[in-house]
S.K.: 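Have a look at the structure that comes next, please.
Values in this document were obtained by computation on a predicted structure and should not be read as measured data.
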Amino acid sequence: MTSLLKNSRADSSISYWRIPSQLKPEISAVALSDASAACNTQLTDPTGNWLPVFGLVFWSVSSTGRHRRPGPQDSKNPPPGQHKGRLSASARMTTTAPAPSLHSPAAGHKPVPPPPPPAAAAAAGSAKGPWDVRGWQDAGSRMLIPQVSTQRMLIPVEVYVDFICPWCYIEMRSLEAAMDAFVARHPEVEFEIGWRPFYVAPMLKSSCATLDFYASAVPEEDKLRALLDRMRGAGAAHGLRFDFSGRIGATRDAHKLVALAARRGGRRAQALMVELLMRAGLVEGRDISDADVLARVAADGLGLDREDVFLELADDDATRRVDREVEAAREARGIEAVPCVTVLGRFKVGGFQDSQVFTDLFTKIYEEKIAQ
C-alpha cells in the first residue's frame with residue numbers, strides 16, 4: 001500500500017496517504033500489485049494504532065485487453081511487485097460497495113481502539129508526523145476513505161489542413177499551445193484531435209516553384225512580399241522558419257499517406273505524419289507531391305515500408321476516399337478555406353487565429369459543461 005500511495009504522490013502531485021477525487025491513470029503495475037496485496041493487510045501509524053485499509057478493488061486486464069473484475073481464477077495472486085498479464089494505460093481504480101464493519105469477524109482486522117480523550121487527542125495532533133493519516137480517516141469508522149474518480153471531459157477537435165498552406169502549420173502550433181495551457185489548468189480535460197484533408201489548389205496537376213505558385217495567387221509584387229513577410233514573422237513566433245525556395249505540387253498523395261498512417265497507427269501516427277509532411281514541405285523545402293519524397297518521409301518518420309507507401313499512392317480506392325472526404329468538408333460542413341478548426345462538431349474557427357481565441361472557446365465549453 002505504501003508503494004501505491006508513494007507512486008500516487010509522485011504521479012499525481014498529491015499528499016501522502018490521500019487518494020484525490022481525480023487521479024491520473026498512469027499507475028504502474030508494481031503499484032497496483034502491491035496495493036492488491038495490501039487490501040487484506042493492516043498498517044500502523046507511529047503511535048501503534050491499527051489502520052485497516054480496504055474498500056479498493058482493482059480492475060485486472062485479460063489477455064484481450066478488456067477490463068474484468070477479479071474472479072475465482074485470480075485466487076492465486078502473484079507476490080507483491082509482480083503482476084500477471086499486461087496493464088493498459090487506461091487501468092482505473094474504483095471504489096466498491098461499503099466494506100464490512102471493522103468489528104465484524106468477517107472483516108478479519110483487529111478492532112480499532114476507542115478515540116483518545118480530547119486532551120490526549122490535542123497533544124497527539126500537535127505532534128503529527130508525515131505518516132500520520134488520522135486527518136484522512138472517517139470519524140465514524142476510523143478507516144481510510146478512498147476517493148477515486150475517473151471522470152474525464154473529452155473535447156473532440158477536427159482540424160482541416162492542406163500541406164501547401166503555411167498558415168495551417170502556424171495554426172497547428174497555435175492550437176497546440178492553447179490546448180497544452182488549458183489542460184495544465186484543467187487536468188480532467190482531454191482533447192481528441194482528428195486531422196481532415198482539404199485541397200487549396202485542387203486543379204494543380206504538376207509541381208512548380210513555390211514562389212511562382214504564390215505569385216499566381218497574389219500577382220502584385222508588393223502585396224506578395226508583404227504576405228511572405230507576414231507568414232515568416234508569424235511562423236518565427238512559433239519556432240517555424242519557412243523555406244519558400246522549394247517546389248509545390250498537388251497534395252492528394254500526401255493526404256492519402258496521412259490516411260495510411262491513421263489506419264496503421266491510429267491518431268498518434270496520423271498526427272505525426274501531418275507534422276512530418278508540414279515540416280518537409282514548408283520548412284525543408286521538399287516537394288511532397290513527389291512519391292519518392294513521400295516514401296522517404298514515411299519510412300524515416302514512421303518506419304512504414306516504402307513498397308507499402310507506393311501501393312497506397314497507386315490505389316484508386318484510397319484516392320476516392322480522400323476525394324470524398326474533401327467533398328464532404330465543402331458540401332456538408334461548409335469548409336471553404338483552411339486552416340479551419342471545428343470543436344464539438346458545432347463551433348467552427350476559420351482562418352489563422354492565435355492561441356487566445358481557442359482558449360476563450362475552450363473556457364466557454366468547459367463552463368457550459370460544468371453548469372449542466
S.K.: Between OH of Tyr199 and CG of Leu204, what distance do you get to the nearest 0.5 Å?
M.R.: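 That separation rounds to 12.0 Å.
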
S.K.: Check for a donor-acceptor pair, side chain of Glu171 on one end and backbone N or O of Gln353 on the other, with a separation under 3.5 Å.
M.R.: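 At least one qualifying donor-acceptor pair exists.
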
S.K.: Contact between Arg264 and Leu302 at the side-chain level, heavy atoms closer than 4.5 Å - yes or no?
M.R.: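 They are not in contact (no side-chain heavy atoms under 4.5 Å apart), so the answer is no.
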
S.K.: Quick one: do Glu188 and Lys369 make a salt bridge, cutoff under 4.0 Å?
M.R.: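 No.
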
S.K.: Do Leu276 and Arg279 come within less than 4.5 Å of each other through their side chains, counting heavy atoms only?
M.R.: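 When only atoms from C-beta onward are counted, Arg279 and Leu276 do not touch, as no gap falls below 4.5 Å.
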
S.K.: Distance check, rounded to the nearest 0.5 Å: Arg306 atom CZ versus Leu294 atom CG?
M.R.: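 If we round to the nearest 0.5 Å, Arg306:CZ and Leu294:CG are 10.5 Å apart.
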
S.K.: Do Leu311 and Leu313 sit in one hydrophobic cluster, given that two such residues count as connected whenever their side-chain heavy atoms are within less than 4.5 Å of each other, even indirectly?
M.R.: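 Unlinked, Leu311 and Leu313 end up in two clusters.
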
S.K.: Treat each ILVMFWY residue as a node, draw an edge where side-chain heavy atoms are under 4.5 Å apart, and state whether Val293 and Phe310 are in one component.
M.R.: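 Val293 and Phe310: separate clusters.
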
S.K.: Any side-chain heavy-atom pair from Leu240 and Leu282 closer than 4.5 angstrom?
M.R.: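 The answer is no; the side chains never approach within 4.5 Å.
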
S.K.: Between the side chains of Arg232 and Asp229, is the shortest nitrogen-to-carboxylate-oxygen separation below 4.0 Å, so that they form an ion pair?
M.R.: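 Here Asp229 pairs with Arg232 in a salt bridge, since their nearest N and O are under 4.0 Å apart.
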
S.K.: Carefully, step by step, assess Lys364 and Glu368 under the rule side-chain contact (heavy atoms from CB on, under 4.5 Å).
M.R.: CA-CA 6 Å; Lys364 171 183 173 65; Glu368 287 181 354; 3.2 Å; yes

S.K.: Any idea which heavy atoms bring Phe198 and Ile335 closest together, and the distance?
M.R.: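 Taking every non-hydrogen atom into account, CE1-O, 3.5 Å.
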
S.K.: To the nearest 0.5 Å, what is the distance between CG on Asp290 and CG on Asp253?
M.R.: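 Taking CG in Asp290 and CG in Asp253, the distance rounds to 9.5 Å.
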
S.K.: Can you measure from CZ (Arg321) to CZ (Arg324) and round to the nearest 0.5 angstrom?
M.R.: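 It comes to 7.5 Å.
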
S.K.: Can you tell me how far the CD1 atom of Ile170 sits from the CG atom of Asp354, to the nearest 0.5 Å?
M.R.: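 One finds 12.0 Å between CD1 of Ile170 and CG of Asp354.
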
S.K.: Between Tyr160 and Ala329, what is the shortest heavy-atom contact and its length?
M.R.: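 So the minimum-distance heavy-atom pair works out to CE2-CB, 3.5 Å.
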
S.K.: What are the two closest heavy atoms between Leu272 and Gly301, and how far apart are they?
M.R.: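 Distance-wise, the nearest heavy atoms are CD2-O, 3.9 Å.
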
S.K.: What do you reckon, is CZ of Arg333 surrounded by more than 12 foreign heavy atoms closer than 6.0 Å?
M.R.: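 No - once you tally the heavy atoms of other residues, nucleotides and ligands closer than 6.0 Å, there are 12 at most.
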
S.K.: Side-chain contact, heavy-atom cut-off 4.5 Å: Leu175 with Val157?
M.R.: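 Answer yes - side chains close enough.
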
S.K.: Would you check if the side chain of Thr359 reaches a backbone N or O of Ser355 as a donor-acceptor pair within less than 3.5 Å?
M.R.: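 Looks like yes, one N/O pair under 3.5 Å.
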
S.K.: Tell me which one of Tyr169, Phe358, Trp167 satisfies ring-ring contact (aromatic ring centres under 6.0 Å, His included) with Phe352.
M.R.: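 Among Tyr169, Phe358, Trp167, the one that satisfies the ring-ring contact (aromatic ring centres under 6.0 Å, His included) with Phe352 is Trp167.
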
S.K.: With respect to Glu158, which candidate in Arg267, Arg196, Lys348 satisfies the salt bridge (charged side-chain N to carboxylate O under 4.0 Å, His left out) definition?
M.R.: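 The passing option is Arg196.
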
S.K.: Parallel, tilted or perpendicular for Phe191 and Phe182, by the 30°/60° rule?
M.R.: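 If you compare the ring of Phe191 with that of Phe182, the planes turn out perpendicular.
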
S.K.: So, for Asp162 and Thr251, which heavy atoms are closest and what is the spacing to 0.1 Å?
M.R.: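 Where Asp162 meets Thr251 most closely, the heavy atoms are OD1-OG1, 2.7 Å.
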
S.K.: Going by heavy atoms in the side chains, are Leu344 and Pro156 under 4.5 Å from each other?
M.R.: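 A side-chain contact exists here, since the closest heavy-atom pair is under 4.5 Å.
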
S.K.: Just how far is it from atom CE of Met231 to atom CZ of Phe244, taken to the nearest 0.5 Å?
M.R.: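 Spacing of CE (Met231) from CZ (Phe244) equals 4.0 Å.
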
S.K.: Determine, stepwise, if the pair Phe163 / Ile248 fulfils side-chain contact (heavy atoms from CB on, under 4.5 Å).
M.R.: CA-CA 9 Å; Phe163 299 107; Ile248 275 182; over 6 Å; no

S.K.: Taking the basic N atoms (NZ, or NE/NH1/NH2) and the acidic carboxylate oxygens, is any pair closer than 4.0 Å for Glu221 and Arg225?
M.R.: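 Salt bridge between Glu221 and Arg225, a charged N being under 4.0 Å from a carboxylate O: yes.
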
S.K.: For residues Asp360 and Val357, determine if any side-chain heavy atom of one lies less than 4.5 Å from a side-chain heavy atom of the other.
M.R.: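 A side-chain contact under 4.5 Å is absent here.
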
S.K.: Same cluster or not: Met179 versus Val161, using hydrophobic residues (I, L, V, M, F, W, Y) connected whenever any side-chain heavy atoms lie under 4.5 Å apart?
M.R.: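 Yes, same cluster.
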
S.K.: What's the shortest heavy-atom distance between Val297 and Ala280, and which atoms?
M.R.: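 Taking every non-hydrogen atom into account, CG2-CB, 4.1 Å.
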
S.K.: Near Arg230 CZ, under 6.0 Å, is it more than 12 heavy atoms from other residues, nucleotides or ligands?
M.R.: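 Open: at most 12 neighbouring heavy atoms sit under 6.0 Å from CZ of Arg230.
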
S.K.: If only atom types and distance count, is the side chain of Glu312 paired as donor or acceptor with the main-chain N or O of Ala318 below 3.5 Å?
M.R.: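 Looks like no, no N/O pair under 3.5 Å.
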
S.K.: Could you go through residues 209-220 and list every donor-acceptor pair under 3.5 Å that involves a side-chain atom there, pairing it with any protein atom two or more places apart or in another chain?
M.R.:
{"residue": "Thr210", "atom": "OG1", "partner": "Gly246", "partner atom": "O", "Å": "3.0"}
{"residue": "Thr210", "atom": "OG1", "partner": "Arg247", "partner atom": "N", "Å": "3.4"}
{"residue": "Tyr214", "atom": "OH", "partner": "Ile164", "partner atom": "O", "Å": "3.4"}
{"residue": "Ser216", "atom": "OG", "partner": "Phe213", "partner atom": "O", "Å": "2.5"}

S.K.: Would you say the side chain of Ile193 lies within less than 4.5 Å of the side chain of Gln270, judging by non-hydrogen atoms?
M.R.: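 No; the side chains remain at least 4.5 Å from each other.
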
S.K.: Taking all heavy atoms of Cys168 and all of Pro339, pick out the closest pair and write down the distance.
M.R.: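 In this case the closest contact between Cys168 and Pro339 is SG-N, 3.7 Å.
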
S.K.: Treating Ile, Leu, Val, Met, Phe, Trp and Tyr as nodes and any side-chain heavy-atom pair under 4.5 angstrom as an edge, say whether Val322 and Met278 lie in one connected cluster.
M.R.: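 Each belongs to a different hydrophobic cluster.
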
S.K.: Is it the case that one hydrophobic cluster holds both Trp195 and Leu154, taking links as side-chain heavy atoms less than 4.5 Å apart, direct or via other members?
M.R.: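 No; Leu154 is not reachable from Trp195 via cluster members.
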
